[in-house]
Amino acid sequence: MLLSWIRVDLLALLVCLLCNVIPIAAVKHENFKRCDQSGFCRRNRAIADEATSNEDSWASPYTLDPATINVQNGVLKGIVSKSLGEGYGPVSFPLTITFLESGVVRVSIDEEKRQKGDIELRHGSVARKERYNEASKWAIVGALNNDRRASPSMAAEATTIIYGPDNSYKAVIKHFPFAIDFWRANEIHVKFNGKGFLNMEHWRPKIEKPAKEAIEAKEDQQPIENTDAGEDESTWWEESFGGNTDSKPKGPESVGLDITFPGYEHVFGIPQHAGPLSLKQTRGGSGNFDEPYRLYNSDVFEYEMDSPMTLYGAIPLMQAHRKDSTVGVFWLNAAETWIDIVKTKVRTNPLSLGTGRKIDTQTHWFSEAGLLDVFVFLGPTPRDIVHAYSDLTGYTQLPPHFAIAYHQCRWNYVSDDDVREVDRKFDKHNIPYDIIWLDLEYTNERKYFQWDPHTFPDPLGMQTQLDAHARKLVVLIDPHIKNTHDYSVVDDLKSKSLAVRNKDNDIYEGWCWPGSAHWIDCFSPDAQKWWTSLFQYKTFQGTAPNLFIWNDMNEPSVFNGPETTMPKDNIHYGNWEHRDLHNINGLTFVNATYNALLQRDPKVPKRPFVLTRSFFSGSQRMGAMWTGDNQASWPHLAASIPMVLANNIAGFPFSGADVGGFFGNPEKDLLTRWYQAGIFYPFFRAHAHIDTRRREPYLAGEPYTKIITSAIRLRYQLLPTWYTAFHQASVDGSPILRPHYYVYPGDEAAFHIDDQFFIGSTGLLAKPVVSEGANSVDIYLPAGKTFYDYFDYTVYRGVGKSIPFSAPLEKIPLLMQGGHIFPRKERPRKSSGLMKWDPYTLVVVLGDENEMHAEGELYIDDGETFDYGEGAFIHRKFTYAPSISSNAPMGILRSQSLTPPSKESKKAKAYLQSMEHVRIEKIVVINAPSQWDGRASVRILEDGQRERNAGLRYWKAEGGKTAWAVVRNPNVGIGKGWKIEF
Ligand code: NOJ
């Protein structure tokens, strides 16, 4: 027996080594499909090729029979028919177009036969017969109210629906062939099936090819209904890749559609890919990709740069952008999906002889299975798209406050002593950190929920030491459960039938870190309930309330599976095939963990923190994500910025990359620059592979340790600003990091810029150094805007061009934009928890003469409970206005409450009281007016207090640096209304 277990473990080790452990130079391309290796990708591209090369004669075979159309309460229903050629078909596809109150339109197409279950599955499969119709159950949480006023007018060739804000939108639904044009302000912004690539692969039985003689004998018989003649069936049935065969019991089932954005040159979104934010063309040509962007959540470690290859997560949201207009689509499908992008030049005015050309962006989306289900957003700003998308899929979780501070991780801290020692060393070197992480090796032989008894004999003692400085521990729990004896978790999983099943309806077994393993099926409500029970303190012994969870490998990663994941013909709860829901799998696992953490302290629920690798639309509601296994290289550092930005504009801003790079050992300046960039990731965690050398910041040596420490301190100093940006994301989906096009949607020259970003709405603009040996960066500044160096107040005036900015190793390129106010905390502490009662500093950044107004916000709450839902928070708006007359004060700074009166609950009052002694200790005014020179004090009027003065000190402008002033200890309450007169 023992021998056989040793053998299993050795085998597991070998598989692991082959799959994931050995640092190698680049991604294994051969492990992942190209389009021509995926049957449905080939088939859909072939339709596009045929339609494009016969543009004049091509007719889409789909029509919408006007007699079937019925519009009621904002919903249009009808039947789309696909003609299969004379003597065949047609096939019926029920169409539903829903006009939502938000101005968003949802277009869904199902298939009648599959809907009715009127099909036969091959190979005795128990799989569900319908097209997967539960993606919305996981992804959508709101904003589905119908716009009952949407009004139709019907004509023979098209049905037109007027809808949206002030009835300014119009959907023209064409009947022959079926196509939809979406109009805003007398212009078409989005076109469905304008190119005729619509493809709904209908169910058909597999006809086993008879021998030649039999064909001749049967020649005069009727063809089988719904079976098309003369099609190439070579990719319809079983498909093999990398030694694995997909049995495809439902046959071909893909859905495809062309979506054109006329006049739009840029498209953004569809994370996760390692490439530029402005998506590239995918049909070849100089500088373009020749593969479509792929969305099929996979364990693609050491991924390559500038590639449309799939990665760990998928958000099928795309924004199309041009000067002052943004529109978007959300392709709600959880199956493997590919997206082609082609940009074509169009002459807008035929008489303009070569001038007046514009670009159309044509996109072509196709998924292997499921419904065609697409949401259309007509903008007109990027903000409108992100907000409307977030109203549907949910907002970023307001994380516990510690989670936005610095996370220290590696694979692995090897013992509880090791953790204690690292904790002490951070303190010794005065480097703040909040969370230390344990990777795989804390477990007892990779059995989750069990500590290694030899290396972690005292987990609670370890957590107590961390708690002394308000620090936390995060441990890894993966979805694969070791298939071994004497392990109650796997026994339960099996006996309660909570695992994913294989195509034969038996428990699925595959290989991952523990060797042989089974996978929890979190689509099952019973499995979720059971998962919750595993996280109770009495079950997961050795865990305290300051322990949180990392969910890794949840694509799911299966070392011996096709494309390192699960076979598509595996079966989940409800008998859905894995193929149907693959991209949602990771979300369901995090969802279960999130709920499990919530249930640990049911009396006073605390906000969970869960990190996920795999994600889908909606995952933002449950925690943070990171960009997986990158490398310690400059290109990976550079790529992390557009990757994190892509997540930010796609509704999942709580994102980051492994600081330092996962594989390999970073040179010290790379590590230093990575920290200087990483402090701007919303999720800021250092992590490293097991084979790398230790690289905690105190090990770097001088001057690196000092530089890294001050970078981390800058993150801590700005935590009030970060938390305010997180709060905004948590109420409307706003990106935390904002690319240039998002903030300046009219600044055409800079739409492509994806290596600099604004933090929330603070006017803070960062451009991390991401290239080796660079001592400066070029920062693009919009015309007419004034910026100041964060550290020395040097003035930079934007002229709509990039300007050089000196950035030797110790310098972080960070600018403040005139017109903004942001909060910070300046006292260095060991962790963010210890800063809770510290006083605030307000930084008021004034612009040029005609931009002397400024404003900003601050949001604070207890950082751990849900009491903010009952009003237990402080939300202030700060405004600065210059003098309006010569006998008035020279400027007034005000603090006003943004808390709605409805939030004045008991808890709200108690919270305000608890914050009464938290004050503002300093106000820094950048670009202070020269009239202030010589003034010694300001007048303070605080609610409920006597009028008083505070000292003012002024520094003149000199040598390219602007003037500035400091109000010393105004001592106004952070939660109070007040006014300061300059
Ligand atoms: C893969 C993850 O991407 C990586 O961060 C982690 O260290 C390893 N799994 C081991 O758990």
Side-chain angles (χ1 to χ4, degrees), residues 12-13 15-24 27-28 31 272 274 297-303 310-313 407-414 418 435-449 451-452 455-456 473-482 510-515 517 519 548-559 561 564-565 586 589-590 593 610-615 623-632 636 640 643 655-666 674 678 681 683-695:
L13 185 69
V15 174
C16 297
L17 283 173
L18 289 175
C19 292
N20 229 0
V21 175
I22 306 168
I24 44 161
V27 69
K28 289 201 164 174
N31 283 356
Q272 183 184 35
N297 296 349
S298 310
D299 186 353
V300 189
F301 54 94
E302 285 202 321
Y303 44 89
T310 194
L311 291 177
Y312 307 88
H407 300 249
Q408 180 62 46
C409 185
R410 77 167 278 110
W411 180 14
N412 225 95
Y413 292 113
V414 294
D418 190 9
I435 313 99
I436 190 158
W437 290 54
L438 293 177
D439 206 322
L440 268 184
E441 317 305 335
Y442 80 92
T443 58
N444 178 11
E445 296 171 339
R446 302 194 168 171
K447 287 180 268 185
Y448 303 117
F449 306 100
W451 300 87
D452 184 318
T455 50
F456 287 85
L473 181 72
V474 170
V475 299
L476 177 113
I477 301 270
D478 287 354
H480 46 254
I481 305 297
K482 185 168 180 162
W511 286 75
C512 206
W513 297 126
W519 273 259
F548 297 86
I549 300 296
W550 171 13
N551 282 165
D552 187 14
M553 314 296 275
N554 51 338
E555 295 74 25
S557 175
V558 181
F559 294 158
T564 328
T565 189
F589 184 54
V590 184
T593 305
V610 188
L611 176 73
T612 180
R613 191 169 72 174
S614 172
F615 57 89
M625 59 70 67
W626 92 109
T627 62
D629 296 349
N630 58 2
Q631 286 185 52
H636 273 264
S640 70
M643 288 176 83
S655 52
D658 283 348
V659 170
F662 180 67
F663 288 109
N665 295 304
W674 213 316
Y681 299 150
F683 173 61
F684 172 33
R685 182 187 75 154
H687 183 40
H689 187 273
I690 196 164
D691 288 345
T692 60
R693 289 192 289 274
R694 291 270 172 135
R695 48 164 112 127

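Indexing begins at 1, ligand by ligand and atom by atom, following the structure's order.
Phe456 and Trp451 have tilted rings, their planes meeting at an angle from 30° to 60° on a 0 to 90° scale. Between His689 and Trp411, the ring planes lie perpendicular to each other; the angle is over 60°, past the 30° to 60° tilted range.
Scanning for side chain to side chain donor-acceptor pair (under 3.5 Å) contacts around Tyr681 gives Ser640, Trp674, with sequence neighbours left out. Asp418 meets the salt bridge (Lys or Arg N to Asp or Glu O under 4.0 Å) test with Arg694; sequence neighbours excluded.
Looking at Tyr448, Phe559, Phe589 one by one, the single match for ring-ring contact (aromatic ring centres under 6.0 Å, His included) with His480 turns out to be Tyr448.
By the 4.0 Å heavy-atom criterion, Phe301 is excluded from the residues contacting ligand 1. In this structure, His689 does not count as a contact residue of ligand 1, since none of its heavy atoms falls inside 4.0 Å of the ligand. The closest approach between any non-hydrogen atom of Trp550 and ligand 1 is below 4.0 Å.
The two residues Ala274 and Tyr303 have their closest heavy-atom pair at CB-CD1, 3.9 Å.
In terms of polar-atom proximity, defined here as any N/O pair under 3.5 Å, Asp658 makes no such contact with ligand 1. Residue His687 places at least one N or O, backbone or side chain, under 3.5 Å from an N or O of ligand 1. The shortest N or O to N or O distance between Asp629 and ligand 1 is below 3.5 Å. Between Arg685 and ligand 1, not a single N/O pair is under 3.5 Å apart.
Close contacts between ligand 1 and Met553 involve ligand atoms 1 (C), 9 (N) [criterion: under 4.0 Å to a heavy atom]. Near Asp552, with a cut-off below 4.0 Å to any heavy atom, the atoms of ligand 1 are 1 (C), 2 (C), 3 (O), 4 (C), 6 (C), 8 (C), 9 (N), 11 (O). The Asp439 neighbourhood of ligand 1 comprises atoms 6 (C), 7 (O), 10 (C), 11 (O), with distances under 4.0 Å to a heavy atom of that residue. Ligand 1 places these atoms under 4.0 Å from at least one heavy atom of Trp626: 2 (C), 3 (O), 5 (O).
Separation of the His407 and Trp550 ring centroids does not fall under the 6.0 Å cut-off.
Salt-bridge formation is not detected for the pair Arg446/Asp478: no Lys NZ or Arg NE/NH1/NH2 atom is positioned less than 4.0 Å from an Asp or Glu carboxylate oxygen.
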